[in-house]
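Just so it is clear, the structure is predicted and the values come from calculations on it, not from any experiment. Every chain is numbered from 1, with letters handed out A, B, ... down the list of sequences. What's counted below: heavy atoms across the whole structure, side chains too, no hydrogens, waters or symmetry copies.
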Amino acid sequence: MIPAQFDYVVPASLAEAAALLAERPDEAKILAGGHSLIPAMKLRLAQPQLLIDISRLKDLAYIREEGGQLRIGAMTTHYALESSARLREICPLLPACAATIGDVQVRNCGTIGGSLAHADPAADWPAAILALDAELVATSANGERTIRATDFFVDMLTTALEPGEILREIRVPLAQARAQQAYLKLPHPASGFAVVGVAVNLTQQNNTCASIAVGLTSVAAKAFRAGGVEQALVGRALDEQTIAAAAAHATDSVELNEDLFASADYRRHLAQVYTRRAITAAAG
Amino acid sequence: MKIEGTHELRAARARVYAALVDPSVLARCIPGCERLEQTGEHAYAATLRAGVGAIKGVFQGNVRLEDMRPPEHYRIVVDGKGQPGFLKGAGDLDLTERDGVTVIKYAGDVQVGGTIAGVGQRMIQGAAKMMAAQFFTALEAEAQAAPDAPPPSPPNFFRFALSWFSGLLRRTFQRRPETD
Amino acid sequence: MSPKYVGQRVKRTEDPRLIKGLAHYVDDVRLPDTLHVAFVRSVYAHARLVNVDASEARKAPGVVAVYTGRDVAERVGPVPCAGNLPDLKVPDHRVLAQDKVYFVGHPIAAVVATDSYAARDAVDLVVVDYDELPVVVDALAAAEGGGTMIHEQFGSNVAYKLTAGEGDIEAALAGADHVIRQRIVNQRLAPVAMEPRGVLARYYPGEEELTVWSSTQIPHLLRTQLALMIGIPENKLRVITPEVGGGFGSKLNVYAEEALLGWISMQLGKPAKWIETRRENMQATIHGRDQNGEIEIGCQHDGTLTGLRYNVVADLGAYHQLLTPAIPTLTGLMLSGCYKIPAIQINVTGVFTNKMATDAYRGAGRPEATYVVERALDLVAAELGLDPVEVRRRNFPKPDEFPFKTATGLFYDSGDYEAALDKALANADYTKLRAEQKQARAQGRLIGIGVSTYVEICALGPSQAMPAGGWESATVRIEPTGKVTVLTGASPHGQGQETSFAQLAADELGVDLNDVTVIHGDTSIVQYGIGTFGSRATAVGGTAVYIAIEKLKEKASKIAAHLLGTDAASVFFADGKFTRAGERKSAAAAAGADPGEVPPPILPAGQDPAGALPEPDADGKRVTLQDVALAAHLAKDLPPDMEPGLSATYFFEPKNFTFPFGTHICVVELDRETGDIKFLRYVAVDDCGKVINPLLVEGQVHGGIVQALGQALYETVVYDEQGQLITGTLMDYAVPRAHMLPWFELDRTETPSPVNPLGVKGVGEAGTIGATPAIVSAVVDALAPFGVRHLDMPIKPEMVWRIVNA
Amino acid sequence: MKREININVNGTQHKHAVEPRLLLVHYLRDVLGLTGTHVGCETSLCGACTVNVDGRAVKSCTMFAVQADGASVTTIEGMARDGALHPVQQGFWECHGLQCGYCTPGMIMTAAQLLERNPKPTHEEIRHGLEGNLCRCTGYQHIVEAVAYAAKKQ
C-alpha cells in the first residue's frame, strides 16, 4: 500500500520532461494519469527513483481535427474521450471504447497516452487504436517520430517507445466515408479489464465492405489486428454468414492468453464470438 | 505452472548446444542477467534484473545445468529470490537438427511466489513464454555469430528483456484501468 | 396500542455520523506518539525458518523495534481455539512463526516504527532465510494420510474425525427405492469485509492498564482471551470496538496481531497501531467454507426422503483459529434442511493444509449444509422426474408438527415452510415461469429456474451448545433527565441495532426514539457480553434488552406508585406515563410524608438539577417516566428499602435456537455462445419471525443474497500447487459489484418464534444461506437439456460454454 | 526530499511539506485528520477512498498528494453544507443505503459525481456509475434506491 521513496519533478514543458527522462532513462518514469504506475508502486513492484509528472502539461490534453486527422493529446483522459460529443459524431469508436475502461474514477484520471505506453495486454485502447489505424507520435530529447499503431505494440507491457521517448499524441485518420464502428468487451468480473475486447472500424459502399480494420485486445500477449478477418470481408456484403465465417479467423496464428477466468480455448471462442458481434454491431 | 514450446534456431545443433552451455553466452542470453559466476561444474550464481521501464525487480539466484547429453539434451534448474518474491523452475531442453535448423523443444515447470504470485496470476504464463522467446532469440544470434567474432552487441530487445518479469507484474499493478 | 416504532421502517440513528464521514473506525482513532507496526510475512506455504535477520531493519530510520518469533515465544501465549471436539489435534499456534512457517502470509516478524511509511520500508530490510518444505494443499489427499506432515507431532494431517446423526442410515439407504450420490464442493471463500482488520493498543504504565481498540465482533471474548495471552489481569484490560467496517464472521476471532499489538505497546510504553492491508487480509484473515464432500440421499419413488449421508473433508488450513474445527459441526446439525429425513449421518474429517485457517464466514457451516441438502433435493427431483417444488413440499414438516425434531438432534422452534414456498411461487408466478421456460427451450433459449427452500439455525444459542456462552446481556438505564441508555453486550457492526434496540426501548418505555442511546463495544462501559454473530444480536441481545426493560419498569412502577400514593398493582404504564387507577389523592398525603421532614438537598442552592421533587400532574393521576427517573436518582422520596437509581441488567439465556426459513427463486438465462449468465428474476420470501425494522431486514437479506451470489458465480480463493495464494488481491478475487446483480423482489411471511418473548428469529445470514442453492439450481436447470444435474461453484461462463458446446 | 504543497480541502487552504510518495488519502487522513475517507484495498479497485479533486471523483489512494498541489478537494466531510446534508447523503439515510458504513463516503462521493453528470439516471445507469465502488454489506439495492432518491430530490 505504501510506495518506496522517489524524487518528483514537475517539468514546465514536454521538452523539459524529455530532457529529464534522457538524463535518467533507467531510473525515471513518466507519471501521466498514474492509474497503472501508482498501483504498481504501491505493491512495490515498480520502484522508480524519479517521477516526471507531465499531468500538469495542459497542452497535452486535447481533441482536435487537423489535416484530415483527429489529433488527441496523450494526456487526454478517458473521460474526456468518452464524453466528447464531437467524437461521438466523427469517431464513435473512441468514446465507445473509453466508456468501458475501468470505472468512472479511473476514467476521470487515466489518460489514453498513459494507457497506450503501458501496453497492458488486457487494456482496451490498443484494440481501438489498431482498428483506427492510428499513428502515435513519440517525442524525445532527440526529436520526434511517428509510429504506426501496428508497429507500436511489441509484447506484453512492451511498446516500440525507446527509453527516453514520451508518447505525445495519437493521430487518427478521418475516413472520407462515414465510418461504422463498434467496441465490444467482456470485462473480467474482478478487475474490469477485458477478457476479450474487439474494436471494429469499417466502411461500406454499395452494400459491400469497402474497408475494415479489427483490433483485438486481451487475447494474446499484445493487441493485434485480425488480418484474416479483415481479408475475408473486404469487398463482400456484410451478411450474417459472411461475418460469422470471417470471425472464425479472429485468432489465426495467435498464441492465446489463459488465466483463472478463461482458458486459451475459451478465449479463442470468445474472440470469435465478440468479433462477429462487434462487426455486426458496427455494420448494423 | 507448466510451460512448453518449440523454437527453431537457424544454426547448427552443435553450435547451439555449445552456446547453451557456455556461461558467457548464457549470461548474455538469460533475460536481465547482470551477473553469472561459476560456483561449480555447470553451476552458477546469478543476479537477474528484470523489468520494463519503472517496473523492476532484482533477483539473486542459482543456475545449474544437469543431465547433459551433448548435443541433444540438458536440463536447466533455476531459482532466485528478491524483494518481489521468488521463482524457481526446471526445464528439459531437447535439440534436434533438420536442414541446418536446430529445433529446441523445451518443457518445464516454473513456480513463482511472493508478491508476483499473489498479484500477477494472469501474467505469469505469458511472461514465462516471453522470457523463453527472448532467451532463444538471443541464443540464435549467439550461435550464428562466427566462433571467433566478438559477441554480438546487445540487440535492441535487451532493453526490454527484463520484461519477462515485468510481465508478471503487469496485471498486478494494474488496476482495472489502464492508464498511467 | 400499536407500537410506534417496532415494525416500522425507521431510519437508522447510527447513520448521520457515517454518512458525514465523522464516524471512527480503528484507523480513525488518533493518539499522540503512536507507533506503527508492519509485518514480515512468509512468502512460502511451508518452510523451515533458517534465519531471520532484522539487523538492517533495526537500523533503518524511524524504526523503534523489530520482534521475531524468538522474542515473543515465551512471552505471548498461543492463539486460542475454542472448538472442543473429542480427540481434536490442536497445534501450538504462536503469534509469530517459530521454527517453521505454515502458510503464505504467516507472520514472521513485527516491525515497529514511528510512522507507517517507515515501518513498511523496514519490512523490506528483514532478511528471511527459508528452507523450503513440501506443501500440503490438497485436502482430500491430506485426509488419506501419508505424505508430508504439517504438524509432525500429530503423525497425520487429520485434525479430527467426527461422526454424528441419528437413525439407521444404512437401513435407510438400503431400503430406499433410489439412492443418489454426488460430490459437492463448497469452495474456499474470503470474507472481504470492506474495512480490513486493525488494532490500536495503548498501555498506561502508571495505571498498569491496557486499552485495545480492535475491529472485532466480540469485544468481551477478545478481552478475556487477550488477558490470558498477554498475561494482564482482565480487569486491567479494556477492549473498545469503534465502528467496525463489516465482519461477516472474519472478526469473530482472536488473532495473533491483536495480542501482539497489546504486548508491543506494553513493551514500548507507547500506543501501537497496525492496520491490515488488503493483501494481508486475503492471506491472513480467516477464510470460509472449503468443504469437499459426497452425499448419498435415499428416497422412495414418490419422492419421500429416507436418509442422507454426508462424508466430508473440511480443509481447516494450517492452524486453528477460534472456531475452525467447529464450523463443520454446524453443517452436520443442519443437514436435515427443512425436511423430514428419518436418518442422517455426517462424517467429517478435518484436515490441516498449508493455507490460512477456515472459520466462520457468514452462515458458518449452515450455507454449506443448505447447499448440500438443496442440491440433493434437486437431484432427487431430477432422478424421479418430479418438479423440484413438489419434492420439497412432500417432505416438509407441517406447521402443527413443530417443535419439529430432526435426526440431527435439533428441535426446530416454529415454521410454516409451505406458506413461504407458496408465497414465493405466487410472487414469481412459478407456473407461468415454467410455461415460459418450456416455450423458450423450444426456441433454443437456455432459461433456468432454481428454487431453494431453506431453514437456518440462528440466535446462537443456548450456552450448552456454545464454546463460550450463548447468552447475551443488556443494561437499560433511565438517566435523571429521563434519557434512556441501553448497554448491549452484542456488538453490532452494521446490522443497525443502535436503531432496532432503540425502537424496542422507545416503544416499551414510551419515549421518543431520539431519547434512547444504545451503547456497545466498550468493555469498560458495557457489562460482559458475547457479541454479534450467528444472527443472534436481536433474538438474544434484543431479548435481553426487552427483559431488562421489563425489570426496570417493574421498579419504576413501584416508584411511580409511591409518588402517586398507591400500590404498584394499581399503576398502569403507557406512553411514557404511569397512571393511577382509582380515586384522586395527593401523592404526598398518600405517602404520609411531611414535606417539611425532607432533608435539604445536598447540592448547593440553585444547583439542584430539577429544583424539586417531581409531582404528579394536576389531577394527581399521572407521573412521567422522567419524573420517576429523577425521583429514583434524587432518592429523597422512595419507597422504603428501595434501591436508588433506575437501571436494570439482564442476561438472557435462550432455551433453544431459532430457525428462520424461507424460499428463494432465481431465474437465469444463459448465453449459448459465451456461457454468460444473466439474471431475469430473483424472488425471495423469508420468514425471520417478528420484525422490528423491515428496512433493516431487507438490507440484511439483500447483502446476504449478494454474498451467496458471489459464492455461486464469482468468488473462490485459489492456492496453487505450491500453496501460493494466487487470488491475493481484488484484481483476481471477484467481489460482486452493483452492475452484476438483479433486482431482488423480497417478501416475508411471519411465524413468531416461541423461543423468545419478541418472537424474533434473526436474519443476518438468511440470504447467504437461501440464495446459493437457488442460483446454482437455476443455472443447472437451464442446462438440464444437456443432461446436467450438478455443477461446482463458482459457475463460470466457461463451464457453461463447455457444456453447451460439448 | 519533501515538497511543499498547497491544497484547498473543503474550502480551507492548507500548506504542508510532504514526501512525494505520500498518497493523497494518507495526506487527508494523517496530515489533515480528515478520516472520513477510507482505504479498502491496495489495488485501486474498491473506491472507498473516493474524493472529489477539481470536480472529478478520484480514488485518493491512486494519487500522490503532490499531484493535488493547487487543487480543490472535497471530501465526505465537506459534503454537508451549513448543516444540511447533501441530497445523496440524505438518500443514503432515507433508503438505508449503508450498513457498516465503511464504503459509504466513497460511495457518496461517486454518486454525487454521477448525478452531476446525469441528473436523472436510470437504475441501470446508477449501477454502472457505481462500478468502481465495492460494498460488501448492502447488496447495493438500497444504494441504488438512495441515489435515485437523491436524483429526485435535487
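Aromatic ring pairs are classed by plane angle as parallel below 30°, tilted from 30° to 60° and perpendicular above 60°; the pair Tyr266(A) and Trp801(C) is tilted.
Proximity to chain C (any heavy atom under 4.5 Å) is shown, for Arg267(A), by neither the backbone nor the side chain. At a 4.5 Å heavy-atom cutoff, the contact between Tyr117(C) and chain A is made by backbone and side-chain atoms alike. Thr727(C) touches chain A through its side chain: at least one heavy atom from C-beta onward sits under 4.5 Å away, while N, CA, C and O do not. In this structure, the portions of Phe261(A) lying under 4.5 Å from any heavy atom of chain C include both its backbone and its side chain. Neither the backbone nor the side chain of Pro736(C) comes within contact range of chain A; no heavy atoms are under 4.5 Å apart. The contact between Leu260(A) and chain C is made by backbone and side chain atoms together, counting heavy-atom distances below 4.5 Å. Interface residue Asp671(C): only side-chain heavy atoms are found under 4.5 Å from chain A.
Under 4.0 Å is where a charged nitrogen must lie from a carboxylate oxygen, and between Arg44(A) and Asp121(C) at least one such pair does. Salt-bridge formation is detected for the pair Glu257(C)/Arg41(C): a Lys NZ or Arg NE/NH1/NH2 atom is positioned less than 4.0 Å from an Asp or Glu carboxylate oxygen. A salt bridge does not link Glu240(A) to Arg276(A): none of the charged nitrogens lies less than 4.0 Å from a carboxylate oxygen.
Contact count versus chain A (heavy atoms, under 4.5 Å) is highest, among Leu730(C), Val735(C), Thr277(C), for Leu730(C). Counting heavy-atom pairs closer than 4.5 Å to chain A, the top residue among Glu673(C), Arg278(C), Lys796(C) is Glu673(C).
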_salt bridge (charged side-chain N to carboxylate O under 4.0 Å, His left out) assessment of Arg120(C) paired with Glu280(C)_ = CA-CA 13 Å; Arg120(C) 173 63 189 86; Glu280(C) 289 182 297; over 6 Å; no
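Between the side chains of Thr674(C) and Arg277(A), not a single donor N or O lies within less than 3.5 Å of an accepting N or O.
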